[in-house]
Colleague: 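Take this structure first; my questions come after.
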Amino acid sequence: TSLSGQAQSDSILIMLTNSWRHHEILDLGLKIKLGPAVIGADANKYLLPYGRRIGPDPASIDTCKIAGIAANNASGMCCGVSQNS
């Protein structure tokens with residue numbers, strides 16, 4: 001989705017339902033494998049017992065999905081903006 005929340009695509013639009021929300025913690029929390037529909041904040045909740053969190057921290061992390069974070073290069077202000085296009 002765009003920053004306004006509307007779908008944007010000139011080709012294929014994929015609906016990410018709850019069946020795409022799997023996750024797996026690896027190497028005692030050093031790695032995490034996420035399905036594309038996992039909410040960013042949920043990924044951080046899964047890593048909380050290990051004292052870790054995912055790198056991106058967009059303002060919309062409580063609602064955006066990992067696939068959207070990656071597709072939009074949504075790093076958030078904590079990661080800086082000098083490399084953003």
Colleague: With a 3.5 Å cut-off and sequence neighbours excluded, list the donor-acceptor pairs that the side chains of residues 22-37 form with protein atoms.
Modeller:
none

Colleague: Let me have the donor-acceptor pairs involving side chains of residues 43-50, under 3.5 Å, with sequence neighbours excluded, atom names and distances please.
Modeller:
unit_1 : atom_1 : unit_2 : atom_2 : d
Asn44  : OD1    : Ile54  : N      : 2.8

Colleague: Going by salt bridge (Lys or Arg N to Asp or Glu O under 4.0 Å), name the pairs with one or both residues in residues 63-76, residues two or more places apart or in two chains.
Modeller: none
Colleague: Rest of the hydrophobic cluster containing Ile39 (Ile/Leu/Val/Met/Phe/Trp/Tyr, side-chain heavy atoms under 4.5 Å)?
Modeller: none
Colleague: Return the set of residues passing side chain to side chain contact (heavy atoms under 4.5 Å, CB included) with Thr17 (not counting sequence neighbours), or none when no residue passes.
Modeller: Ser19, Trp20
Colleague: Applying salt bridge (Lys or Arg N to Asp or Glu O under 4.0 Å), can you list everything that pairs with Arg21, at least two apart in sequence or on another chain?
Modeller: Asp42
